[in-house]
Amino acid sequence: MTAQADARLVSLFRSLSKISGSIVGLTGALVLAGWIFNVPSLKRIFPNTPQMVPNMALAFILTGASLRMLLSAEPPSRNRERRIAQLCAIATGLLAMLTLVEYALGLNLGIDQLLPADTGASETAYPGRMSPHTAFTFILVSIALLLIDVKKRLLPAQYLAVGAGFISLLALAGYAYGVSFLFSISNTTGMALHTAVSFMILCLGILFARPDQGFMTLIASKSTGGFVTRRFLPIAVAVPLALGWLRLKGEQAGFYSTEVGLLLFAISNILILSSIIWWYSRSLDKTDRERRRSEEEIRLLQAITQGITEAEDFDSAIKVVLQKVCETTGWALGEVWLPSPDGSCLQCSPSWYSPIKGLEKFRQKSEGLRFQKGVGLPGRVWSSKRSAWIPDVTEDPNFPRALLAKEVGLKAGMSIPILAGTEVVAVMDFFVMDPRKEDERLIGLIATIAAQLGTVFQRKQAEEGLKQYAAELEKSNKELQNFAYVTSHDLQEPLRMISSYLQLIERRYKERLDEDGHQFIAYAVDGASRLQTMINGLLSYSRVRTQGKPFGPADCESILEQTLINLKVAIEESHAVITHDPLPTVTADGSQLISLFQNLIINAIKFRGDKPPAIHVSALQTDKDWVFSVRDNGIGIAPEYHERIFAIFQRLHGMDYPGIGIGLSICRRIAERHGGRLWVESMPGTGSTFYFTIPMRGGNPP
Ligand code: ADP
């Protein structure tokens, strides 16, 4: 079964099933009371018709209770309630079966007189015994209750319930039409009227007990099939029966002959059934149109969402929307109004769309127009920030293009604002060639699209802002780099002049200068030379980016070898021992790598402790990078300075060690140019390890 049961109907059906279990049980109890207190009208409804015998009443009590208990004990629960329900069903089935055995073998097993005796002994040959077809129906019902949760390919319980229901329907029809053989064998043995009604209720209860299984799924389903079945099945049963009954009664009363009666029956059947079919077909058709419309709307929204996502800018997103809306809804023209740069009026955006020829004139006129707040259709929407609908623009007093609209045949118009936050950033107008009443659903749909456009506007605006910001940043970065380079380069010359003239003064006026004079000049020369070193440092720093070479394969073994040659004197003087693990070939600017290693190793030598420096270089491969490390046994660095030492001219050890504090800044800049990082792990007294990464993906610097 492919249909899916509707949860609301499922719970309604279950409640109905519960009610039917109670009605049946109560009916049984009432009839039993009728036997105990001898109330004849409870035993049989009409005189000279079969009665509901006491054990039959008991069987109804048992089956009613069984149904109720089965409802609250659905699988997989195996609780006591469920077992009691099954026992009730078995007891009823046994009672009914034994009754049939009695009939078949002409026995009296004593089961007919178990309860208050049937006093109407004279009426029937078998006092207190239920009729054979009642017993048969009880057998069907009790098996249905027992098998209620057994699922084969089909659900046997449901078919048994339908079978039992059909037998009781025949009996009911027999009562209605006065066809006694349908409910009785003799006028005292047969199915009592209230027995037939109870069976009907019980069978419906069994069917409704499991509405999400078997063929009941279709009846409880949301689908059109479910809708049709729910409405037509009861009608198909009730209408012919009711009309047949009316026809019979009319004929019996002598209102018309058999021929006329039959004719009336046939015609009224045709009339009633066809009007019902007509009525339901219309409502089905309406549902179907609704469904198609919803599908179209979903398709439109999907197409627009995709179009908007792919659109490069707000304008092209608007174009997509205008086109898709006109194509899907059949509207004749879509255009957009944007606030002018000074925000004083609305002006036409170049974006517009019309699948219909001959509207260019209207469009051209729009292009020349400007709308103040509150004026015309777009102006109204601009000031109110709410959608507007004009059923016929040619008759609207606040539509300046009314005459032209009349000329080209445009009638209804709607206008929807595109809001970014609370600000109207555009207004969309749509026109159609016939007058139309306001369609809230269409407005809602376009408003949803407008909301998407509003988000696009905000996103594009943010992207635009970011782009501009990035460009400005890049520009100022370049300027700064340029500035650093140019100033340091240009400062060199005057500085050189200062130091050479100072030296000249010292040489030429040696005799005339006193002690202080010599000392001051010595300070000035020293200052100038330190300034020179700093400027050189700054120059090297800015050259990392401005004059770096393209990346290529760089064999780190030979790079380290070259570095050590450069540092030969320092190494020998300090008796440093430098070891290394095998080093890889990476994609990098080789000469910058030399400079990086050189700075780190020279620092490791410079900031040594009491022992001769022991330096170890190694490289480790991770997913994305090579992680290089330079480990020393020097004085170490306190954790609070681990970041500070990488800033320009930042030093921790003042005059005790030579240097100007730019080496590590250059190293970090080199690592960053390669897309890597540089950091330190160290504690005072335990040595330091400097790490830097070089990404494994090759590629050139930005
Ligand atoms: P410089 O070496 O010219 O002082 P750097 O930028 O190379 O400048 O280093 C900045 C500071 O970081 C140094 O002054 C020193 O205090 C600290 N430092 C650098 N390397 C080490 C190291 N291997 N051991 C201890 N301290 C170090």
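Both ligands and their constituent atoms are indexed starting at 1 by order of listing. Predicted, not measured: the structure shown is a model, and the values here were computed from it. Quick note: numbers below take in every heavy atom, side chains included, and nothing from hydrogens, waters or symmetry partners.
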* Measure the distance from atom 12 (O) of ligand 1 to every protein heavy atom, then report the residue, atom name and distance (to 0.1 Å) of the closest one. => Ile645 CG2, 3.3 Å
* How far is atom 26 (N) of ligand 1 from its nearest protein heavy atom, and which residue and atom name does that atom have? -> Ile637 CG1, 3.4 Å
* Asked: Does ligand 1 have any atom sitting under 4.0 Å from a heavy atom of Gly661?
  -> yes
* Applying a 4.0 Å heavy-atom criterion (strictly less than), which segment of Ile660 is in contact with ligand 1: side chain, backbone, both, or neither? -> backbone
* To do: Kindly indicate whether the side chain of Phe430, heavy atoms from C-beta on, has any atom under 4.5 Å from the side chain of Val325.
  => yes
* Fit a plane to each ring of Phe597 and Phe692, take the angle between them on a 0 to 90° scale, and name the class: parallel (under 30°), tilted (30 to 60°) or perpendicular (over 60°). => perpendicular
* State, without any angle test, whether Asp313 and Ser316 hold a side-chain donor-acceptor pair at a distance under 3.5 Å. => yes
* **Any Phe646 heavy atom less than 4.0 Å to ligand 1** => no
* Please check if the distance between the ring centroids of Trp337 and Phe371 is under 6.0 Å. => yes
* To do: Please state whether Ile662 comes within less than 4.0 angstrom of ligand 1, counting heavy atoms only.
  => yes
* Asked: Where is the nearest protein heavy atom to atom 15 (C) of ligand 1: which residue, which atom, and how far?
  -> Phe607 CZ, 3.3 Å
* To do: Can you label the angle between the Trp679 ring and the Tyr691 ring as parallel, tilted or perpendicular, going by 30° and 60°?
  => parallel
* To do: Please confirm whether the backbone N or O of Glu561 pairs with a side-chain atom of Ser558, one donor and one acceptor, at under 3.5 Å?
  => no
* Under-4.0 Å heavy-atom contact with ligand 1, by part of Lys606 that carries it -> side chain
* Check against side chain to side chain donor-acceptor pair (under 3.5 Å), Glu310 and Gln306 -> CA-CA 6 Å; Glu310 286 165 5; Gln306 193 188 348; 3.2 Å; yes
* How far is atom 6 (O) of ligand 1 from its nearest protein heavy atom, and which residue and atom is that? -> Leu664 N, 2.9 Å
